[in-house]
Structure formats: structure tokens, C-alpha cells
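These notes concern the structure reproduced below.
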Amino acid sequence: MVKTDFGPPKYLDMMSDLCKRNYGKWKYHEVLDTGTLVHVSESGEKLYTVRAATPRLLHVDTLRAFCDLADKYCGGFFRFTSRHSVEFLIEDEANIEPLKADLHAMGFTPGGVGNTISNMLHTQGWIHCHTPAIDASGIVKSVMDEVYEYYKEAKLPARLRLALACCLNMCGAVHCSDVAIVGVHRVPPKVQDDKVSKMCEIPNVVAACPTRAIRPEPAKKSVVVNDERCMYCGNCYTMCPAMPIFDPKNDGAAIFVGGKVSDARHPAMFSKLAVPYIPNEPPRWPTLVKTIRLLIDVYAKDAKEGERYGEWINRIGWEKFFKVTGLPFTDKHIDDYIFSVPTFRSTATFKW
């Protein structure tokens with residue numbers, strides 16, 4: 001195959017000889033502890049995986065340190081998961097504990113395997129993104145500090161995946177995670193008429209709005225926003241820097257629960273709204289962190305073994321969910337989207 005200078009490299013080029021020999025031939029895997037997996041192939045060969053959470057945004061010195069560990073214990077092979085954990089792929093079982101010791105010395109704790117909290121998937125937040133309503137890294141650090149015990153110890157009924165998206169564009173997997181935080185804007189963008197014509201392509205701005213809330217204003221060579229139609233997504237600001245949507249007093253976070261990708265026991269599910277709004281409280285976001293802790297503690301206490309968050313809610317009913325968590329049910333929880341009829345509850349059965 002001809003090599004080119006664009007696109008990702010062939011994935012087989014990044015695999016160890018053991019992985020190549022057993023590609024498509026893995027028989028089963030086992031969880032050895034909350035930081036270690038073993039995959040066993042049809043030939044009997046074993047590949048051990050040591051997983052540790054990282055903060056996603058890493059200094060090059062940290063990456064080089066990971067490379068040094070991989071050279072020392074794994075023949076140079078390691079990888080990152082989609083939830084920002086680093087995984088070292090070990091062929092010699094004797095290297096597992098020394099690797100863990102070195103990771104601990106660097107400040108990285110192996111964990112997130114089995115019935116634990118996975119490392120928290122998140123977006124860029126204030127450090128890089130142009131449309132965030134909340135920070136990402138700061139909230140993730142605050143939340144994971146609070147629920148750290150659930151990450152390193154298998155104290156949950158099943159796997160629990162956390163996620164955070166700093167705005168409604170949802171680069172993070174909040175729609176399919178057990179407990180998720182979404183940044184929400186609550187006021188329409190502010191149109192800077194004197195700058196729109198100089199900085200923005202008006203047809204593109206109009207077309208970018210998913211609810212058709214923006215129309216041209218020829219007299220001003222600008223645009224007008226219909227506040228009643230605006231869903232505060234920030235797409236217009238992506239197309240036009242002269243329409244900022246940030247508002248420190250009104251921006252905040254919503255919490256969604258019950259999503260999952262796995263088809264085990266129950267088909268994949270979208271997450272649903274649990275808390276419509278919590279204000280920004282940097283640097284440690286105490287109200288948001290307390291609410292996340294509450295949601296996890298109640299689930300850990302009441303769910304059956306093997307039951308994911310959404311499956312637990314389906315079993316006890318949403319009425320009981322709001323009762324056991326103590327969260328208020330408001331008009332914001334009622335889905336009034338025009339095309340949401342297929343998701344409406346169509347039964348008279350309620351679970352109190």
C-alpha cells in the first residue's frame with residue numbers, strides 16, 4: 001500500500017507482535033483488579049493492561065515520561081482510551097506491579113476498571129473552547145477529587161461512566177453516559193451591529209441557526225435574533241465572533257443521567273435531564289460537586305448488581321428517582337420539543 005503524508009497511519013503498524021499474532025483471536029478477558037485487565041487469546045497467550053486516569057491536557061514532559069515507562073515495561077507500546085485514560089500493554093506479568101509503583105510515584109493512580117467510575121470524559125472548557133458555558137478541567141478535577149474512592153475501589157453495582165460537555169454542542173459523550181454535566185447558556189447572543197458586517201458572512205450566520213431564530217437586518221448590515229426561538233446553543237457565535245453568547249451571571253451547568261452505549265441487558269439509551277441548572281461557582285463548584293456525589297451515592301446504595309444507571313431508573317421509575325434523590329421536578333423536565341412525540345410516555349402506569 002502506498003504511503004501518503006495525510007490521514008492516520010495504519011493501525012497495525014502501531015501494534016506489538018503479540019497483538020498482531022492474536023488480532024481477532026482473543027478468547028476472553030478478565031478484570032484482575034480495578035487497574036488491571038488480562039486478555040487471553042485462543043493460543044493461550046496473554047496481554048495485560050494497566051489503566052490509569054490522566055487529566056487529558058498533558059504537558060509534553062508527562063507524555064515523555066509515559067513513553068519512558070512504556071519502553072521500560074511494555075516494549076514501547078501504550079495507548080490512550082476515549083475517556084482520557086492511559087493504558088500500558090504488558091506481555092510480562094512480572095512488570096505489572098513495578099509499573100504501578102512508578103505510576104503512583106508520578107501521581108497517577110491505576111483504576112477505572114470493572115465496577116468503578118471511569119475517568120471523566122470532558123471537552124475543552126475555558127482553557128481552549130470558544131463557546132463554553134462552564135469550565136471543563138476545573139469541574140472534572142473537583143468532581144473526581146470528591147468521588148475518587150469510586151474510581152479506585154469496585155464499590156458500585158456496575159460500570160459508571162461520567163462525562164462533561166462545556167456547552168450544548170456536546171463534544172463530550174454526555175448523551176450516552178451514566179451521569180453527565182452539560183454547560184448551558186440561558187440568554188440569547190448579543191449582536192454587535194457595528195462589527196457584524198466587518199467580521200461575519202451574514203448568510204452563513206443565518207444558516208447556522210438550528211431553530212431559524214436569526215434573520216438579516218439590511219438597514220444595519222447586521223442580523224436580528226428572535227429571542228423566543230433561540231435555544232442558546234452558540235452556533236451563531238461559532239460563525240460570527242460579533243455575536244458573543246457568554247453571560248457570567250446566567251451561564252451554568254445541567255446534569256443528565258441514564259445514558260449508555262452498551263447493549264448488554266438493555267439496549268443503548270440516551271441520557272435524560274435530572275437537574276436543569278446549577279450556577280457557576282469556580283474554582284471548586286461546590287453545589288455541582290455535591291449534587292453529583294448525591295446521584296452516585298444513591299445509585300450505589302439502591303441499584304442491583306450489574307444494573308447501569310439508566311436501567312436502575314427504568315426499574316424504579318422516574319417518580320421514585322426524584323423522590324430518593326430529593327431533586328425537585330420542574331417544568332424544565334417536561335420535553336416539549338416539537339419532534340419528541342416518539343419519546344413521550346404513552347402508558348398510564350406510574351411508579352411511585
Side-chain angles (χ1 to χ4, degrees), residues 26-40 46-55 78-90 93 95-104 106-122 140-164 173 176-181 257-266 268-269 271 289 291-316 324-325:
W26 298 106
K27 192 174 182 180
Y28 64 92
H29 73 272
E30 293 179 347
V31 175
L32 300 183
D33 57 48
T34 55
T36 314
L37 292 160
V38 60
H39 286 77
V40 182
K46 296 181 178 180
L47 181 68
Y48 299 90
T49 300
V50 173
R51 179 185 297 168
T54 76
F78 76 105
R79 65 184 181 184
F80 286 91
T81 72
S82 61
R83 290 182 177 264
H84 319 314
S85 289
V86 59
E87 290 188 343
F88 294 89
L89 309 176
I90 302 173
E93 185 177 3
N95 286 336
I96 294 176
E97 294 307 319
L99 170 60
K100 287 184 177 180
D102 283 356
L103 283 170
H104 276 292
M106 291 174 58
F108 295 93
T109 304
V113 177
N115 291 356
T116 62
I117 285 178
S118 64
N119 193 27
M120 196 166 178
L121 173 62
H122 66 91
V140 168
K141 169 64 174 171
S142 301
V143 170
M144 291 302 288
D145 281 351
E146 177 66 26
V147 300
Y148 178 68
E149 64 187 90
Y150 289 121
Y151 163 78
K152 65 177 183 177
E153 300 176 33
K155 299 170 63 175
L156 293 169
R159 197 94 171 98
L160 188 73
R161 297 191 181 277
L162 302 179
L164 180 145
C176 57
S177 294
D178 295 283
V179 179
I181 301 168
V257 297
K260 75 185 186 85
V261 176
S262 170
D263 275 330
R265 298 170 304 278
H266 187 284
M269 294 185 287
S271 55
V289 171
T291 306
I292 295 293
R293 178 71 192 224
L294 167 69
L295 290 168
I296 295 174
D297 285 345
V298 173
Y299 163 73
K301 178 182 177 182
D302 289 354
K304 295 181 179 179
E305 184 177 356
E307 202 170 44
R308 292 286 293 270
Y309 210 101
E311 296 165 353
W312 167 61
I313 294 175
N314 285 344
R315 176 172 61 82
I316 67 173
V324 297
T325 58

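What you see below is based on every heavy atom in this structure, not just the backbone, and it leaves out hydrogens, waters and symmetry mates.
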(request) Indicate yes or no for a side-chain donor-acceptor contact from Y150 to the backbone of I117 under 3.5 Å, with no hydrogens or angles considered. (result) no
(request) Search all heavy atoms of A52 against all heavy atoms of L103 and return the closest pair with its distance. (result) CB-CD1, 4.3 Å
(request) Taking the side chain as every heavy atom from C-beta outward, state whether L121 and H84 have any pair of such atoms under 4.5 Å apart. (result) yes
(message) Between I181 and V143, is the side-chain contact (heavy atoms from CB on, under 4.5 Å) condition met? List the steps.
(response) CA-CA 11 Å; I181 301 168; V143 170; 4.3 Å; yes
(request) For T325 and L295, indicate whether the former's side chain and the latter's backbone hold a donor-acceptor pair under 3.5 Å. (result) no
(request) Answer whether the closest heavy-atom distance between the side chains of I296 and L162 falls below 4.5 Å. (result) yes
(message) Which heavy atom of A303 sits nearest to which heavy atom of R315, and what is that distance?
(response) CA-NH2, 4.0 Å
(message) Please check: side-chain N/O of R293 versus main-chain N/O of E146, any donor-acceptor pairing under 3.5 Å?
(response) yes
(request) Provide the closest heavy-atom pair for L156 versus A300 in the form atom of the first, atom of the second, distance. (result) CD2-CB, 3.7 Å
(request) With the side chain counted from C-beta on, respond yes when F80 and T54 share a heavy-atom pair under 4.5 Å apart, and no when they do not. (result) yes
(request) State, to 0.1 Å, how close R265 and G306 come at their nearest heavy-atom pair, and which atoms those are. (result) NE-O, 2.9 Å
(request) Working to the nearest 0.5 Å, report the span between CD1 of I90 and CG of L47. (result) 8.5 Å
(message) I'd like to check Y48 versus L32 (side-chain heavy atoms, cut-off strictly below 4.5 Å). Are they in contact?
(response) yes
(message) Is there a side-chain contact (heavy atoms from CB on, under 4.5 Å) between V261 and R161? Walk through the geometry before answering.
(response) CA-CA 10 Å; V261 176; R161 297 191 181 277; over 6 Å; no
(message) Within the 4.5 Å heavy-atom criterion, are R308 and M269 side-chain neighbours or not?
(response) no
(message) What I'd like to find out is whether the side chain of P55 reaches to under 4.5 Å of the side chain of F108, using heavy atoms alone.
(response) yes
(request) Specify whether H39 and W26 have parallel, tilted or perpendicular ring planes, treating 30° as the upper limit for parallel and 60° as the lower limit for perpendicular. (result) perpendicular
(request) Show the numbers, then the answer: is there a salt bridge (charged side-chain N to carboxylate O under 4.0 Å, His left out) between K46 and E93? (result) CA-CA 9 Å; K46 296 181 178 180; E93 185 177 3; 5.9 Å; no
(message) Taking side chain to side chain contact (heavy atoms under 4.5 Å, CB included) as the criterion, tell me which of D178, N115, V147 meets it with L160.
(response) D178
(message) Quick check: do K301 and V324 have side-chain heavy atoms less than 4.5 Å from each other?
(response) no
(message) Could you measure the distance from the OG1 atom of T109 to the OH atom of Y148? Nearest 0.5 Å is fine.
(response) 3.0 Å
(request) To the nearest 0.5 angstrom, please state how far the CG atom of L37 sits from the CG atom of L89. (result) 10.5 Å
(message) When you measure from the side chain of N119 to the backbone of R83, do you find a donor-acceptor pair of N or O atoms at a distance under 3.5 Å?
(response) yes
(request) Give the minimum heavy-atom separation between H266 and N314, together with the two atoms involved. (result) NE2-ND2, 3.7 Å
(message) What verdict does the side-chain contact (heavy atoms from CB on, under 4.5 Å) test give for V113 and T36, after you've listed the backbone C-alpha separation in whole Å, the side-chain angles of each residue and the deciding distance to 0.1 Å?
(response) CA-CA 7 Å; V113 177; T36 314; over 6 Å; no
(request) Might you confirm whether atom NZ of K155 has over 12 heavy atoms from other residues, nucleotides or ligands at distances under 6.0 Å? (result) yes
(message) Checking the side chain of R51 only, and the main-chain atoms of S85 only, is there a donor and an acceptor separated by less than 3.5 Å?
(response) no
(request) Please determine if R159 and E311 form a salt bridge, counting it only when a charged side-chain N lies under 4.0 Å from a carboxylate O. (result) no
(request) Output yes when K141 and D145 qualify as a salt bridge under the 4.0 Å nitrogen-oxygen rule, no when they do not. (result) yes
(message) I'd like to know if the side chain of K100 reaches the main chain of G35, judged simply by a donor and an acceptor atom lying under 3.5 Å from each other, with no hydrogens or angles considered.
(response) no
(message) So which atom in Y151 and which in A53 form the shortest heavy-atom distance, rounded to 0.1 Å?
(response) OH-N, 2.9 Å
